[in-house]
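Accompanying notes for the structure given below.
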Amino acid sequence: MTALTLFDLVIRSMRKNIKHYYLYFFALILSVVLYFVFATLQHDPSVVERSGGSMGAGFKAAGILLLFIAGIFIVYANAIFLKRRSREIGLYQLIGLTKGSVSRLLIIENSLLSAGALAIGIGIGILVSRVFLLLLMKLVGFDGFIEVEFSTVAVIQTVIVFLGIIILTSIQMIVAVYRNTLLGLFNADKKGEHPKKPKAFRSAFLAILGIALIAFGYWLSGHMMNALLFINMIVVLATTILGTYLLFRVAISWLLYQIRKRKQGHLGLYNSLSLAPLMHRMKGNANSLTIITVLSAMTLTMLAGMYSLYYSTDKETRLILPFDFMLHDFRNEDGEATLERFVGELDNQNISYTYTPIEVLRLDGRFFEEGTLTKLIPETFPANIVNGEQLQRAGMDFEVPDSGTAYYYDATLYWQMKTVAVPFNVKMSDANTELNMRITKVGEGNVLNPLLGTQIVVNGEFYKELKAQFLNDESSSRIANAYAINVQDRDQLAEATAIFKRINKENNKFGYAYYSQYVSAMEDSGLLIFISGFLGLVFLISTGSILYFKQMTEAEQERSTYATLRQLGFTVQDIMRGIVRKQVFVFGLPLLIGLLHSIFAIKAASFLFMSDITLPASIAMGIYALIYLVFAFLTVGYYRKTVKAAL
């Protein structure tokens with residue numbers, strides 16, 4: 001056979017299978033586009049310059065993750081296509097083609113398809129790179145015009161990476177051709193499971209074990225905050241994965257068998273089209289459904305977590321830095337002199353502001369009640385005692401504690417302290433005096449811009465008592481002053497921050513500015529939501545496509561069944577009711593369990609946030625579920641076409 005004839009077979013085969021390839025081809029193009037865009041942004045000099053190199057490193061790491069996701073998807077999808085085309089491969093060998101010729105045919109076809117996706121993907125990537133850049137700049141809060149440059153390095157990097165994937169899938173095709181016999185190729189699509197009666201005790205034990213492992217993982221996810229945090233995370237992951245596998249492999253198989261047993265084998269039309277195919281493929285589906293469920297949960301957790309981080313950046317930053325600016329005398333610095341220069345500059349620039357001095361009493365604190373704390377919290381801490389009434393005069397809106405009690409604030413320890421039961425006692429001391437103080441509330445964030453240590457808020461009367469008890473001529477240094485400044489016109493905040501940073505740098509002073517921290521946090525969280533969003537999209541399309549391909553294969557295998565049912569007088573609508581039931585299981589159950597896993601994972605990760613993340617997490621999960629369900633509708637549409645064409 002001449003090379004031309006072999007090439008003709010390739011073209012004919014591609015035309016024949018194009019209806020099966022379009023979603024795979026689209027996902028492949030999308031992977032190329034996103035990888036090329038990430039590579040372009042990784043090497044773009046303007047992006048690297050504006051971010052100080054941090055974004056370049058982020059896109060490099062994202063590119064590796066994207067490559068990993070895309071590689072697994074392509075190899076898995078290719079395996080499904082090879083199995084589906086087993087009869088076609090067998091026919092090629094039956095008409096006289098050697099295994100080597102069949103392998104070359106498949107490799108040429110795979111190379112043409114991949115090269116087309118690579119060329120189209122890079123072309124689209126060049127066109128949309130600026131759109132992605134503008135989106136990134138919007139997310140991180142960068143202003144101004146940035147022109148993305150064409151990157152030859154990004155093109156070469158993308159070509160090399162996807163060339164490696166093409167080689168990998170080509171090897172996969174060669175192995176598939178050489179390791180299968182001719183008889184095996186013709187019978188590949190007839191392979192199925194023959195459901196056996198499950199052993200009652202074994203099935204019950206494993207099913208209960210699977211549910212118990214998931215329940216234990218959920219419980220442990222809410223009790224991880226101790227010295228074994230890393231080990232707890234591994235245990236939660238392991239128990240959830242194993243429990244999910246046992247749920248699909250044993251518990252659901254047992255449930256399906258019980259349904260068939262109760263009906264004494266007479267399933268009827270709808271159950272025959274839904275339950276029976278699931279029972280005959282449950283062993284093979286258990287692995288893929290487990291992987292898709294667990295990875296969906298991990299992706300959902302990543303997306304919900306990153307969006308929550310981005311969504312709450314402003315509130316979280318404000319909880320850490322409640323005032324726009326703060327100068328102090330805590331390190332034997334002349335904070336008042338720096339303050340005078342700063343407010344003088346603000347006056348010169350006609351920037352309106354409010355200014356409030358806040359007195360702070362600095363003592364040594366100690367937790368002394370057993371069981372109050374986790375092992376991660378130090379027993380001793382520097383305590384900054386603040387008069388809550390002064391904070392109210394500075395513009396903070398919160399309730400002042402009762403006399404003799406106190407509120408505890410420390411943004412760095414809040415993720416641990418919020419689990420501590422109140423009230424609890426702490427011991428305040430200096431070199432000569434000790435006092436037991438009752439903490440009745442652990443507050444979110446800080447009441448002063450970050451200081452060295454914990455902030456304890458008391459009312460004015462109690463503050464005077466503490467000063468009288470602890471202060472003398474030798475301990476006068478324990479009193480310090482903080483100077484809180486808020487800019488009234490928020491449009492002038494950036495200008496005021498620039499003045500603040502310049503004065504601090506010139507005077508070698510130490511101060512805290514809300515806007516600087518907010519901009520830095522927005523850059524980090526914006527980059528994370530940008531990367532996680534597109535990685536999540538690739539994963540979502542990949543997993544949805546895999547389920548879609550598997551259902552396409554099953555639809556083709558069951559075509560003769562649909563033809564028989566049509567000949568017996570059943571309508572398309574009758575048959576589709578049973579098929580829809582099956583798709584509810586195939587798509588709905590992994591999504592439902594994945595959502596449940598991610599809810600507990602987000603709940604466990606909520607210690608990272610001081611603010612409520614229910615809304616942003618719900619939005620992220622809702623969008624993910626909607627896109628995921630699109631593949632279910634596509635699958636139902638394909639089945640409908642198959643049923644209509646079966647007669």
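Values reported hereafter were calculated over all heavy atoms of this structure, with side chains retained and with hydrogens, waters and symmetry mates removed. Predicted model only: the values in this text are computed from it and were never measured.
A distance of 10.5 Å separates OG1 in Thr293 from CG in Leu595, rounded to the nearest 0.5 Å. Between the CD1 atom of Ile214 and the CD1 atom of Ile593 there is a distance of 6.5 Å, given to the nearest 0.5 Å.
For the residue pair Thr244/His597, the side-chain donor-acceptor check at 3.5 Å is satisfied. Gln551 and Tyr638 are not linked by any side-chain donor-acceptor pair at a separation below 3.5 angstrom, with hydrogens and angles left out of the test.
Nearest heavy atom pair, residue Leu565 against residue Ile575, reads CB-CD1, 3.9 Å. Closest approach of Ile602 to Ala617, counting heavy atoms only: CG2-CB, 4.3 Å. Here the shortest heavy-atom pairing between Asn110 and Ser170 reads ND2-OG, 3.7 Å. Residues Val572 and Arg566 approach most closely at CG2-NH1, 3.6 Å, considering heavy atoms. Across every non-hydrogen atom of Thr301 and Ala601, the tightest pair is OG1-CB, 3.4 Å. Nearest heavy-atom pair, Gly533 versus Leu303, reported as atom, atom and distance to 0.1 Å: CA-CD2, 3.8 Å.
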Yes or no on side chain to side chain contact (heavy atoms under 4.5 Å, CB included) for Lys99 and Ile174, after CA distance, side-chain angles and deciding distance? CA-CA 9 Å; Lys99 290 190 174 184; Ile174 294 172; over 6 Å; no
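The backbone N or O of Leu237 sits nowhere less than 3.5 Å from a side-chain atom of Thr240 that would complete a donor-acceptor pair. In this structure, the side chain of Thr239 engages the main chain of Val236 through a donor-acceptor pair within 3.5 Å.
Taking the six-membered ring where the residue is Trp, Tyr624 and Tyr628 present parallel rings, their angle staying beneath 30° rather than reaching 60°. In this pair, Phe530 and Phe38 present their aromatic rings tilted. The plane angle is within the 30 to 60° band.
Counting heavy atoms of neighbouring residues, nucleotides and ligands inside a 6.0 Å radius, atom CE of Met298 does not exceed 12 of them.
Using a 4.0 Å cut-off between charged nitrogen and carboxylate oxygen, Arg104 and Glu109 do not count as a salt-bridge pair.
Residues forming a side-chain hydrogen bond (donor to acceptor under 3.5 Å, both in side chains) with Thr98 (at least two apart in sequence, or on another chain): Ser101.
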Please tabulate, for the side chains in residues 119-126, all donor-acceptor contacts under 3.5 angstrom to protein atoms that are two or more places apart in sequence or on a different chain.
none

